[in-house]
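Data block below; observations after.
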Amino acid sequence: MSVLPLVFTSGWASGINAYAVVLLFGVFGATGLTDEVPESLQRTDVLVTAGVLFLFEAVADKIPYVDSAWDAAHTVIRPVAGAVVAALLAGESGSLPELAAGAVGGATALLSHLVKAGTRMAVNTSPEPFSTIGVSVAEDLGVAGIITFAVFNPVAAALVAGALLLLGLVTLVFLASRIRRFLRRRAQRREERDLAGAGRHWPHE
(Lines give C-alpha, C1' and ligand atoms only; values in the text may rest on other atoms or scores of the structure.)
Protein backbone atom coordinates (compact mmCIF):
# COMPACT_ATOMS: atom_id res chain seq x y z
CA MET A 1 0.00 0.00 0.00
CA SER A 2 1.19 3.52 -0.77
CA VAL A 3 2.58 5.48 2.17
CA LEU A 4 0.83 8.65 0.91
CA PRO A 5 -2.06 8.54 3.47
CA LEU A 6 0.45 8.26 6.32
CA VAL A 7 2.51 11.09 4.81
CA PHE A 8 -0.53 13.35 4.57
CA THR A 9 -1.64 12.59 8.13
CA SER A 10 1.84 13.12 9.55
CA GLY A 11 2.02 16.44 7.71
CA TRP A 12 -1.27 17.63 9.17
CA ALA A 13 -0.22 16.58 12.67
CA SER A 14 3.23 18.19 12.29
CA GLY A 15 1.58 21.53 11.62
CA ILE A 16 -0.11 21.26 15.01
CA ASN A 17 2.70 19.74 17.08
CA ALA A 18 5.76 18.51 15.19
CA TYR A 19 7.59 17.35 18.31
CA ALA A 20 4.70 15.10 19.32
CA VAL A 21 4.68 13.54 15.84
CA VAL A 22 8.40 12.72 15.95
CA LEU A 23 8.11 11.41 19.51
CA LEU A 24 5.07 9.22 18.79
CA PHE A 25 6.44 7.74 15.58
CA GLY A 26 9.77 7.10 17.27
CA VAL A 27 8.16 5.32 20.22
CA PHE A 28 5.85 3.28 17.98
CA GLY A 29 8.78 2.21 15.84
CA ALA A 30 11.08 1.44 18.77
CA THR A 31 8.43 -0.70 20.45
CA GLY A 32 7.73 -2.64 17.27
CA LEU A 33 4.18 -1.38 16.93
CA THR A 34 4.84 -0.52 13.29
CA ASP A 35 7.61 -1.20 10.79
CA GLU A 36 6.84 1.95 8.76
CA VAL A 37 9.03 4.15 10.96
CA PRO A 38 12.66 4.63 9.84
CA GLU A 39 15.51 3.92 12.23
CA SER A 40 16.52 7.59 12.29
CA LEU A 41 13.31 8.50 14.16
CA GLN A 42 13.84 5.70 16.68
CA ARG A 43 17.27 6.86 17.85
CA THR A 44 17.54 7.61 21.55
CA ASP A 45 18.93 11.12 21.02
CA VAL A 46 16.06 11.95 18.65
CA LEU A 47 13.46 10.65 21.12
CA VAL A 48 15.00 12.53 24.06
CA THR A 49 15.25 15.79 22.10
CA ALA A 50 11.69 15.47 20.80
CA GLY A 51 10.46 14.68 24.30
CA VAL A 52 12.13 17.72 25.86
CA LEU A 53 10.89 20.06 23.12
CA PHE A 54 7.41 18.56 23.41
CA LEU A 55 7.39 19.43 27.12
CA PHE A 56 8.43 23.01 26.33
CA GLU A 57 5.66 23.26 23.75
CA ALA A 58 3.12 21.71 26.13
CA VAL A 59 3.74 24.58 28.56
CA ALA A 60 4.14 27.48 26.09
CA ASP A 61 1.09 26.35 24.13
CA LYS A 62 -1.21 26.87 27.12
CA ILE A 63 -0.25 30.46 27.97
CA PRO A 64 -2.20 33.20 26.12
CA TYR A 65 -0.04 35.32 23.78
CA VAL A 66 2.99 33.15 24.57
CA ASP A 67 1.37 30.47 22.42
CA SER A 68 1.09 32.88 19.50
CA ALA A 69 4.73 33.90 19.88
CA TRP A 70 5.65 30.21 19.90
CA ASP A 71 3.56 29.66 16.76
CA ALA A 72 5.31 32.54 15.01
CA ALA A 73 8.70 31.04 15.85
CA HIS A 74 7.56 27.68 14.42
CA THR A 75 6.22 28.99 11.11
CA VAL A 76 9.26 27.49 9.39
CA ILE A 77 10.05 24.67 11.84
CA ARG A 78 6.71 22.84 11.58
CA PRO A 79 6.53 22.69 7.76
CA VAL A 80 10.18 21.63 7.58
CA ALA A 81 9.57 18.95 10.20
CA GLY A 82 6.50 17.78 8.29
CA ALA A 83 8.53 17.55 5.08
CA VAL A 84 11.41 15.68 6.74
CA VAL A 85 9.17 13.17 8.52
CA ALA A 86 7.22 12.58 5.29
CA ALA A 87 10.42 12.05 3.28
CA LEU A 88 11.74 9.61 5.89
CA LEU A 89 8.49 7.66 5.88
CA ALA A 90 8.54 7.51 2.09
CA GLY A 91 12.16 6.39 2.09
CA GLU A 92 11.35 3.58 4.50
CA SER A 93 8.37 2.43 2.44
CA GLY A 94 9.82 2.85 -1.04
CA SER A 95 6.32 3.28 -2.51
CA LEU A 96 6.54 7.07 -2.98
CA PRO A 97 9.43 9.29 -4.11
CA GLU A 98 10.94 11.08 -1.13
CA LEU A 99 10.85 14.50 -2.81
CA ALA A 100 7.13 14.15 -3.55
CA ALA A 101 6.46 12.94 -0.02
CA GLY A 102 8.38 15.89 1.42
CA ALA A 103 6.36 18.32 -0.67
CA VAL A 104 3.06 16.79 0.47
CA GLY A 105 4.11 16.64 4.12
CA GLY A 106 5.55 20.15 4.16
CA ALA A 107 2.60 21.76 2.36
CA THR A 108 0.06 20.02 4.58
CA ALA A 109 2.01 20.98 7.70
CA LEU A 110 2.13 24.62 6.59
CA LEU A 111 -1.64 24.73 6.05
CA SER A 112 -2.44 23.10 9.39
CA HIS A 113 0.08 25.39 11.12
CA LEU A 114 -1.66 28.45 9.66
CA VAL A 115 -5.00 27.09 10.89
CA LYS A 116 -3.56 26.53 14.37
CA ALA A 117 -1.85 29.93 14.55
CA GLY A 118 -4.92 31.79 13.27
CA THR A 119 -7.25 29.96 15.63
CA ARG A 120 -4.99 30.77 18.57
CA MET A 121 -5.01 34.45 17.66
CA ALA A 122 -8.80 34.42 17.71
CA VAL A 123 -8.91 32.54 21.02
CA ASN A 124 -6.47 35.01 22.59
CA THR A 125 -8.96 37.84 22.10
CA SER A 126 -10.84 36.26 25.01
CA PRO A 127 -9.78 37.76 28.38
CA GLU A 128 -9.76 34.43 30.26
CA PRO A 129 -6.97 31.83 29.90
CA PHE A 130 -9.09 28.69 30.10
CA SER A 131 -10.07 28.67 26.44
CA THR A 132 -6.39 28.64 25.46
CA ILE A 133 -5.72 25.71 27.77
CA GLY A 134 -8.76 23.84 26.47
CA VAL A 135 -7.80 24.32 22.82
CA SER A 136 -4.22 23.24 23.55
CA VAL A 137 -5.31 20.05 25.32
CA ALA A 138 -7.70 19.26 22.45
CA GLU A 139 -4.86 19.72 19.95
CA ASP A 140 -2.51 17.48 21.92
CA LEU A 141 -5.12 14.74 22.20
CA GLY A 142 -6.05 15.15 18.54
CA VAL A 143 -2.45 14.73 17.36
CA ALA A 144 -1.90 11.70 19.60
CA GLY A 145 -5.15 10.13 18.48
CA ILE A 146 -4.72 10.73 14.75
CA ILE A 147 -1.11 9.49 14.65
CA THR A 148 -2.01 6.36 16.62
CA PHE A 149 -4.99 5.78 14.33
CA ALA A 150 -2.79 6.30 11.27
CA VAL A 151 -0.45 3.52 12.36
CA PHE A 152 -3.32 1.01 12.25
CA ASN A 153 -5.52 2.51 9.52
CA PRO A 154 -3.63 5.13 7.48
CA VAL A 155 -6.35 5.68 4.86
CA ALA A 156 -9.13 6.35 7.36
CA ALA A 157 -6.79 8.57 9.41
CA ALA A 158 -5.91 10.57 6.29
CA LEU A 159 -9.61 11.12 5.57
CA VAL A 160 -10.12 12.39 9.12
CA ALA A 161 -7.05 14.64 8.86
CA GLY A 162 -8.29 16.01 5.53
CA ALA A 163 -11.71 16.76 6.98
CA LEU A 164 -10.14 18.50 9.99
CA LEU A 165 -7.88 20.55 7.73
CA LEU A 166 -10.80 21.66 5.57
CA LEU A 167 -12.90 22.45 8.64
CA GLY A 168 -10.02 24.48 10.08
CA LEU A 169 -9.59 26.52 6.91
CA VAL A 170 -13.33 27.29 6.82
CA THR A 171 -13.24 28.22 10.51
CA LEU A 172 -10.46 30.73 9.82
CA VAL A 173 -12.76 32.59 7.45
CA PHE A 174 -15.35 33.00 10.20
CA LEU A 175 -12.68 34.02 12.73
CA ALA A 176 -11.11 36.65 10.47
CA SER A 177 -12.50 39.62 12.44
CA ARG A 178 -11.20 38.25 15.75
CA ILE A 179 -7.79 37.57 14.22
CA ARG A 180 -7.60 41.16 12.99
CA ARG A 181 -8.55 42.33 16.49
CA PHE A 182 -5.71 40.26 17.97
CA LEU A 183 -3.22 41.71 15.49
CA ARG A 184 -4.35 45.26 16.30
CA ARG A 185 -3.94 44.63 20.03
CA ARG A 186 -0.48 43.17 19.51
CA ALA A 187 0.55 46.15 17.39
CA GLN A 188 -0.76 48.54 20.05
CA ARG A 189 1.13 46.74 22.80
CA ARG A 190 4.33 46.82 20.74
CA GLU A 191 3.86 50.54 20.13
CA GLU A 192 3.26 51.17 23.85
CA ARG A 193 6.42 49.27 24.74
CA ASP A 194 8.41 51.23 22.16
CA LEU A 195 7.08 54.52 23.53
CA ALA A 196 7.83 53.47 27.11
CA GLY A 197 11.35 52.48 26.12
CA ALA A 198 11.89 55.75 24.31
CA GLY A 199 10.59 57.64 27.33
CA ARG A 200 13.22 56.12 29.59
CA HIS A 201 15.94 57.39 27.29
CA TRP A 202 14.61 60.94 26.83
CA PRO A 203 16.72 63.59 28.63
CA HIS A 204 14.96 65.06 31.67
CA GLU A 205 14.87 68.81 32.07
Side-chain angles (χ1 to χ4, degrees), residues 9-28 47-82 85 108-151 157 159-196:
T9 303
S10 68
W12 174 84
S14 294
I16 306 297
N17 192 326
Y19 305 126
V21 172
V22 173
L23 182 62
L24 286 168
F25 273 136
V27 170
F28 291 159
L47 291 176
V48 170
T49 302
V52 171
L53 291 173
F54 170 75
L55 292 177
F56 277 115
E57 175 146 340
V59 174
D61 212 39
K62 294 173 178 59
I63 304 174
Y65 288 94
V66 173
D67 61 337
S68 289
W70 185 269
D71 286 338
H74 283 72
T75 301
V76 174
I77 295 174
R78 286 172 183 157
V80 169
V85 170
T108 307
L110 177 60
L111 287 175
S112 64
H113 165 74
L114 294 176
V115 169
K116 172 188 171 81
T119 302
R120 287 309 186 87
M121 290 180 187
V123 170
N124 282 336
T125 59
S126 174
E128 44 75 32
F130 303 107
S131 55
T132 299
I133 296 174
V135 170
S136 177
V137 171
E139 289 172 350
D140 292 341
L141 293 176
V143 168
I146 201 74
I147 291 297
T148 303
F149 187 34
V151 169
L159 292 174
V160 174
L164 291 173
L165 180 58
L166 181 60
L167 178 62
L169 292 171
V170 171
T171 301
L172 280 188
V173 175
F174 290 98
L175 294 177
S177 61
R178 297 190 68 172
I179 294 172
R180 286 194 295 269
R181 191 187 316 160
F182 171 87
L183 293 173
R184 284 197 299 268
R185 286 182 181 178
R186 188 168 66 178
Q188 289 172 355
R189 290 182 178 181
R190 186 179 296 114
E191 184 178 348
E192 289 171 359
R193 287 197 300 268
D194 292 342
L195 290 174

Name each donor-acceptor pair under 3.5 Å that joins a side chain in residues 167-176 to protein atoms two or more places apart or in another chain, with its distance.
| from | atom 1 | to | atom 2 | distance (Å) |
| --- | --- | --- | --- | --- |
| T171 | OG1 | L167 | O | 2.7 |

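For T9, the side chain to side chain contact (heavy atoms under 4.5 Å, CB included) partners are I146, A150, A157, A158, A161, not counting sequence neighbours. For F54, there are no ring pair (Phe, Tyr, Trp, His ring centres under 6.0 Å) partners, not counting sequence neighbours. Partners of R120 under the side chain to side chain donor-acceptor pair (under 3.5 Å) rule, at least two apart in sequence or in another chain, are D61, D67, E139. Qualifying ring pair (Phe, Tyr, Trp, His ring centres under 6.0 Å) partners for Y65, counting only residues two or more places apart in sequence or in other chains: F182. Partners of S112 according to the side chain to side chain contact (heavy atoms under 4.5 Å, CB included) rule, which considers only residues two or more places apart in sequence or in another chain, are W12, I16, L165. With sequence neighbours excluded, the residues that form a side chain to side chain contact (heavy atoms under 4.5 Å, CB included) with V123 are T119, S131, T132, V135. Legend: residues meeting side chain to side chain donor-acceptor pair (under 3.5 Å) with T75, ordered by chain and number and at least two apart, are H113. Applying the side chain to side chain contact (heavy atoms under 4.5 Å, CB included) criterion to I133, with sequence neighbours excluded, gives K62, V137.
Between P79 and A109, the shortest heavy-atom distance links the atoms CA-CB, 3.7 Å. Nearest heavy-atom pair across L24 and V143 is CD1-O, 4.2 Å. When all heavy atoms of V21 and S14 are compared, the pair lying nearest together is CG2-N, 3.6 Å. Heavy-atom minimum distance, S68 versus N124: OG-ND2, 3.0 Å.
We find the NZ-CZ distance between K116 and R78 to be 5.0 Å, quoted to the nearest 0.5 Å.
Taking the side chain as every heavy atom from C-beta outward, Y19 and I77 approach each other to under 4.5 Å.
Among pairs with a residue in residues 141-151, none fulfils side chain to side chain donor-acceptor pair (under 3.5 Å), at least two apart in sequence or across chains. Sorted by first and then second residue, the salt bridge (Lys or Arg N to Asp or Glu O under 4.0 Å) pairs with a member in residues 171-183 form an empty list; sequence neighbours excluded.
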